[in-house]
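Here is the structure we will look at, set down as structure tokens.
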Amino acid sequence: MAVASAFEFAARMFDEPAEPEQEFATPGELARAIDPHTIQTPALDLIDAALVDVEEGRCDRLIISMPPQEGKSTRVTKIGPLWALIRNPDRRIAVVSYGADLAETFGREIRQMITSNQGQDGTLDLGLRIAPDNGAVSSWQIAGKRGGVRSIGLAGGITGRPADWLFIDDPLSNREQAESERYRQRAKDFWTSTGSTRLAPGAPVVLILTRWHEQDLAGWLLGREDGHRWRVINIPAQADHDPNEGETDPLGREPGEYMQSARTNERTGEPRSDEEWEQIKIQAGSRDWEALYQGRPSPVEGGAFKRQWWDGEAGERRYSEAPWLVRRDGSHIVTHYDELIMSWDMAFKDTKSSDYVVGQVWMRRGAEAFLLDQVHDRMDFVTTCQQFRELAAKWPQAVLKLVEDKANGTAVINSLRLVVPGIVPEEPHGSKVARASAVSPLVEAGNVHLPIPELAPWVGGLIEEAAAFPNAANDDRVDALSQALNRLILAPLLAGQDLEEPDEFDELDTVGHAISPY
């Protein structure tokens, strides 16, 4: 009996598999069947639906980008191949990652899920068995079938047999690799010389990654002549679409809403809270937040406004001492300036949900402009008017208040002009790009100064938005900046005015000196 039982066990392990005990309509259903503690989020629902589209032939090139640690690799690169093999055990699947060790880990865990779910001791029977003579960690096959999984790093090769389905998981592992042209080229070379050449006819490709660089594998593929072939699903940590431009969020969220995380608090068991997301946003910094968590990497050197322009060689384009005094009533008084203005970019009139509004306070000394303050948030009309009045009260010397005369700007002007003096409608001329390009030489020349982060924690967000412009999701801060610099420096220069600061500053001729800070 013992011999017979051992023989039956071996047959069960290695002979041709039977049909699986149940159908799994989506990878998520399979994940929950294997592990009942699996957390299913709206983001994973969306990924499941996309993989079903691939399986059913509606998509053969898929790019999925989403924040780190949100279950993408487990769902796509581990459960995905297993689900595909259950549906067709003859599929020859290749799993690729930046390193062979990680790729082999994926292959090992897929194999482990098969060997641990064969109907013994009450376990689930997936209907798959590993061939005893072809079961290495990096390459194994389903018993009695031609299908299986081969796991390789980008430096390896898929030689010997074609791939019926190719999964590429995170071609770059960190910022250092992302900034290295050698590592980025390695991923591109894999695709051109290995990945794309080993695909069987009709074989789909799924690229799952956290974005690090605008020219990572995803960015490069989309920029190629056949880039239109790829379906892209980018799931940002925080919804930042513009409903007024017809944009929608992939998860159906309202602007500003964070994603439901697959990560839970180990102590409470609760999903990641909005407060925890805010902490991550601060810890990541503006550049990594936009790339890793929002899926929109921007060039390190910037676009219309290059990053290094804001600092210069020795950081001389940042000011570290506040050029204002604070009165007991909270108002801020500048004691040395030629002009002081506010510049506003408003949300759209007909938005169903609040959109970004930005108000900036700018000072000019001679031919140099200094950004002193900024409010930037999603606001409805009532909140916008309240913030406008509060910023005007905080900076009473900013008598001129420029408001772009479009979107909610017109309504704000009409609502506040009788109670807040100095509101001037500003009609924008030319495109956003043209207006930004017109003032960008002022930044390059060092005529524009920003505060250090210790004075203004919000300054990093402005630099990132400017660096990504015009490809960033939002450009409100750039619009307000362009409007202010045009009024303070560019327009006077074009009109032939002299912006040089006098050698000796006459404090009696300046409102800032005439008013006591107390």
Side-chain angles (χ1 to χ4, degrees), residues 47 50-66 72-73 76-78 80-85 87-88 90-104 106-107 110 138-141 146-173 177-178 180-234 295 297:
I47 289 176
L51 292 177
V52 169
D53 284 344
V54 173
E55 160 67 21
E56 297 182 354
R58 290 186 289 272
C59 172
D60 68 347
R61 296 290 184 272
L62 176 65
I63 294 175
I64 302 173
S65 60
M66 63 184 296
K72 66 182 187 302
S73 290
V76 176
T77 320
K78 297 177 186 177
L82 179 59
W83 180 71
L85 282 173
R87 298 177 74 85
N88 183 353
D90 283 320
R91 281 189 172 126
R92 297 159 296 184
I93 295 174
V95 174
V96 181
S97 190
Y98 59 82
D101 289 346
L102 179 59
E104 288 180 4
F106 291 141
I110 298 168
S138 60
S139 181
W140 48 264
Q141 194 167 335
R146 70 174 185 173
V149 171
R150 186 162 192 180
S151 308
I152 63 170
L154 283 177
I158 315 175
T159 58
R161 61 180 183 178
D164 298 310
W165 200 330
L166 174 60
F167 291 85
I168 305 175
D169 186 292
D170 275 332
L172 299 170
S173 67
Q177 287 192 5
S180 167
E181 174 61 30
R182 180 171 69 89
Y183 277 100
R184 296 197 305 272
Q185 188 61 47
R186 184 181 69 164
K188 299 171 188 176
D189 290 344
F190 168 81
W191 175 254
T192 55
S193 63
T194 304
S196 62
T197 64
R198 302 305 301 176
L199 295 175
V205 182
V206 178
L207 170 60
I208 177 78
L209 77 169
T210 296
R211 298 297 306 273
W212 283 98
H213 193 278
E214 75 280 359
Q215 274 298 305
D216 57 18
L217 184 58
W220 177 74
L221 286 171
L222 293 173
R224 286 164 52 92
E225 187 175 345
D226 60 349
H228 63 278
R229 185 176 177 183
W230 291 86
R231 175 184 174 186
V232 179
I233 298 177
N234 177 53

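A quick note: this is a predicted structure, and the numbers were derived from the prediction, not measured.
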To check you understand the geometry: which heavy-atom pair defines the closest contact between Arg92 and Ala200, and what is its length? NH2-CB, 4.2 Å
Shortest non-hydrogen separation from Trp191 to Leu217 and the atoms involved: CB-CD1, 4.5 Å
Side chains of Pro171 and Leu207 in contact at under 4.5 Å (non-hydrogen atoms): yes
Indicate yes or no for a side-chain donor-acceptor contact from Ser97 to the backbone of Ala103 under 3.5 Å, with no hydrogens or angles considered. no
Do Val149 and Phe167 have side chains that approach each other closer than 4.5 Å (heavy atoms only, starting at C-beta)? no
Chi angles and distances behind the side chain to side chain contact (heavy atoms under 4.5 Å, CB included) call for Leu209, Ile63: CA-CA 8 Å; Leu209 77 169; Ile63 294 175; 4.0 Å; yes
Within this structure, what is the CD1-CG distance for the pair Ile64 and Leu51, rounded to the nearest 0.5 Å? 5.5 Å
Tell me whether Arg211 contacts the main-chain N or O of His213 through its side chain, where contact means a donor paired with an acceptor under 3.5 Å. yes
Spacing of CG belonging to Leu102 relative to CD1 belonging to Ile152, to within rounding of 0.5 Å: 12.5 Å
From CZ (Phe190) to OG1 (Thr197), nearest 0.5 Å: 8.5 Å
To the nearest 0.5 Å, how far apart are CZ in Arg186 and CD in Glu181? 13.0 Å
Answer yes if the side chains of Asn234 and Ser65 hold a donor-acceptor pair under 3.5 Å, and no otherwise. yes
Between Arg229 and Asp60, is there a side-chain N and carboxylate O pair less than 4.0 Å apart? yes
Please report the closest heavy-atom contact between Phe106 and Thr77, naming both atoms and the distance. CD1-CG2, 3.7 Å
Under a 4.5 Å cut-off applied to non-hydrogen side-chain atoms, are Tyr183 and Ser173 in contact? no
Side-chain heavy atoms of Lys78 within contact of Val95, under 4.5 Å: no
Of all heavy-atom pairs between Trp230 and Asp226, which one has the smallest distance, and what is that distance? CD1-O, 4.0 Å
Donor-acceptor pair, Trp165 side chain versus Leu85 backbone, under 3.5 Å? no
Side chains of Asn88 and Glu55: does their closest heavy-atom pair fall under 4.5 Å? no
For Ser138 and Ser151, indicate whether the former's side chain and the latter's backbone hold a donor-acceptor pair under 3.5 Å. no
To the nearest 0.5 Å, how far apart are CD1 in Ile233 and CE in Met66? 10.5 Å
Does the side chain of Arg224 reach to within under 4.5 Å of the side chain of Thr192, using non-hydrogen atoms? yes
Minimum heavy-atom distance between Asp216 and Gly219, given as atom pair plus value: OD1-N, 2.9 Å
Would you call Asp53 and Arg231 a salt bridge, taking side-chain N to carboxylate O under 4.0 Å as the test? yes
With the side chain counted from C-beta on, respond yes when Leu166 and Leu199 share a heavy-atom pair under 4.5 Å apart, and no when they do not. yes
Atom pair CD (Gln177) and CG (Leu172), whose distance is rounded to the nearest 0.5 Å: 6.0 Å
Keeping the roles fixed (side chain from Asp90, backbone from Arg146), state whether a donor-acceptor pair exists under 3.5 Å. yes
Backbone of Pro81 reached by a side-chain donor or acceptor of Arg91 within 3.5 Å: no
Just so I know, are the side chains of Val76 and Ile47 near enough to count as touching, which here means a heavy-atom distance under 4.5 Å? yes
